[in-house]
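I have placed the structure first, in the form of structure tokens, so that the comments after it can refer back to it.
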There are 2 protein chains.
Amino acid sequence: MKLSTRGRYGLKAMFDLAVHDGEGPVPLRSIAERQKVSDHYLEQLIAELRKTGLVKSVRGAQGGYMLAHKPSEITVGDIIRVLEGPLGPSDCVLENKPILCNNADHCITKMVWEKIQVSISNVIDSITLQDMLDEHKKKV
Amino acid sequence: MKLSTRGRYGLKAMFDLAVHDGEGPVPLRSIAERQKVSDHYLEQLIAELRKTGLVKSVRGAQGGYMLAHKPSEITVGDIIRVLEGPLGPSDCVLENKPILCNNADHCITKMVWEKIQVSISNVIDSITLQDMLDEHKKKV
DNA sequence: GGGAATCCCTATCATTTTACTTGGAATTAA
DNA sequence: TTAATTCCAAGTAAAATGATAGGGATTCCC
């Protein structure tokens with residue numbers, strides 16, 4: 001019941017981009033260094049975030065990555081879903097296309113997984129990068 | 001962000017025991033058959049539930065397993081924690097002994113993982129096997 | 001134009017975890 | 001005594017994880 005490094009590194013990277021929002025393209029290398037993460041690995045993650053339109057890239061020297069939207073318009077859920085796939089503690093309650101067992105109609109454990117799924121969704125969909133920035137400023 | 005089969009099979013088995021609560025020992029084989037699960041594998045799971053005192057066993061012929069407490073006194077959280085280990089989407093918010101990164105004081109993503117952790121805990125600690133039985137009766 | 005910085009893409013790989021399977025010893029009711 | 005059952009310890013195939021390797025494409029800057 002843990003997130004993989006994909007979701008965790010990905011959120012760190014996106015928060016890093018949010019901190020530098022408006023300062024022009026941020027090179028991957030510098031994100032990886034600040035967040036203490038393998039840069040080649042992070043590259044794969046950020047590629048997916050780019051393909052789904054959460055970040056923009058600028059190629060060539062002085063290039064890098066930028067948020068594609070305002071921090072207030074990107075939720076933690078957006079990021080995690082891209083990197084971890086559809087959410088849900090069991091296949092029968094996956095967000096998009098649940099894979100039902102042949103007993104789904106009468107399965108009581110499914111009710112439990114649904115409640116967990118909903119509560120996780122509520123949390124991650126309610127936190128934006130802006131919320132994290134605000135929290136960050138309070139701490140400093 | 002999925003539970004493993006350990007937690008899922010374990011809850012199924014415990015619910016099965018709850019359904020047969022008060023009827024004497026239930027053989028593992030019959031649980032495994034009803035829940036369509038490898039019996040040897042389930043044996044390993046139920047062994048852990050026994051060691052932590054959630055189920056009792058009766059050895060020998062006509063033996064089997066029984067809940068060690070009333071269904072109203074066993075929560076989903078009790079079961080899942082035994083089988084999946086301490087809960088938490090990231091090591092830095094594991095329930096018992098979080099493994100903090102060297103940046104834990106200033107890490108903002110940690111705040112997010114904490115909120116997820118709390119919301120999952122709230123759900124699984126609030127559902128008892130009795131609740132599941134009640135739901136089950138409604139459905140039939 | 002050349003070189004450096006950077007993104008982009010594909011493939012490979014070691015390790016760990018998962019989800020079992022195998023085999024048999026110990027216990028007990030009938 | 002035998003069949004049913006729990007109990008225990010190892011082994012194992014497949015998948016997932018968390019990278020690494022290597023090189024091509026693009027763009028800024030001198």
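When reading the values below, keep in mind they use all heavy atoms of this one structure, side chains included, and skip hydrogens, waters and symmetry mates. Quick note on labels: first sequence line is chain A, next is B, and so on, each numbered from 1.
For B/S57 and D/dT5, the shortest distance from a side-chain N or O to OP1 or OP2 is not below 4.0 Å. Taking 4.0 angstrom as the limit, B/R50 places a side-chain polar atom (N or O) nearer than this to OP1 or OP2 of D/dC7. Side-chain nitrogen and oxygen atoms of B/Y41 include none within less than 4.0 Å of the OP1 or OP2 phosphate oxygen of C/dT22. For B/S38 and C/dT21, the shortest distance from a side-chain N or O to OP1 or OP2 is below 4.0 Å. Residue A/T5 places at least one side-chain N or O closer than 4.0 Å to OP1 or OP2 of D/dG18. Side-chain nitrogen and oxygen atoms of A/Y9 include at least one within less than 4.0 Å of the OP1 or OP2 phosphate oxygen of D/dA19.
Remark: P of D/dG22 and CD of A/Q44 are 15 Å apart, rounded to the nearest angstrom. For the pair B/E43 CD and D/dA10 P, the computed distance is 15 Å after rounding to whole Å. Per the geometry, CG belonging to A/L17 stands 11 Å off P belonging to C/dC7, to the nearest Å. B/L42 has its CG atom 11 Å from the P atom of C/dC20, to the nearest Å. The distance between atom CE of A/M1 and atom P of C/dT17, rounded to the nearest whole Å, is 18 Å. Following rounding to the nearest Å, A/K56 (NZ) and C/dT6 (P) show an atom-to-atom distance of 19 Å. Straight-line distance from the CD atom of B/E33 to the C1' atom of D/dT5: 14 Å, rounded to whole Å. Atom-to-atom, NZ of B/K12 to P of C/dA19 comes out at 13 Å; the value is rounded to the nearest Å.
Each of A/R8 and B/I46 was matched to the nucleotide of DNA chain D holding its nearest heavy atom; the match closer to the 5' end belongs to B/I46. Where A/L3 and A/A61 meet DNA chain D, the nucleotide closest to each residue was compared, and A/L3 sits on the side nearer the 5' end. Comparing A/Q62 and B/R6 along DNA chain C, the residue whose closest nucleotide (by nearest heavy atom) sits nearer the 5' end is A/Q62.
Scanning atom types as modelled, one donor and one acceptor separated by under 3.5 angstrom connect the side chain of B/R59 and the base of D/dT6. Side-chain atoms of A/H40 stay outside donor-acceptor range of the base of D/dG18, with no qualifying N/O pair under 3.5 Å.
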Stepwise salt bridge (Lys or Arg N to Asp or Glu O under 4.0 Å) test for B/E135 and B/K138: CA-CA 5 Å; B/E135 200 73 22; B/K138 265 198 262 172; 3.8 Å; yes
For salt bridge (Lys or Arg N to Asp or Glu O under 4.0 Å), just list the numbers for A/D134 and A/K139, CA-CA rounded to whole Å, side-chain angles, deciding distance to a tenth of an Å, and then say yes or no. CA-CA 9 Å; A/D134 293 345; A/K139 277 209 177 185; over 6 Å; no
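With hydrogens and angles disregarded, no donor-acceptor distance shorter than 3.5 Å links the side chain of B/Q117 to the backbone of B/G88.
When each of A/I79, A/L17, A/I46, A/L67 is paired with A/L54, the side-chain contact (heavy atoms from CB on, under 4.5 Å) condition holds for A/I79 and for no other.
The cluster map of Ile, Leu, Val, Met, Phe, Trp and Tyr, joined by side-chain heavy atoms under 4.5 Å apart, puts B/L3 and A/M111 in the same cluster.
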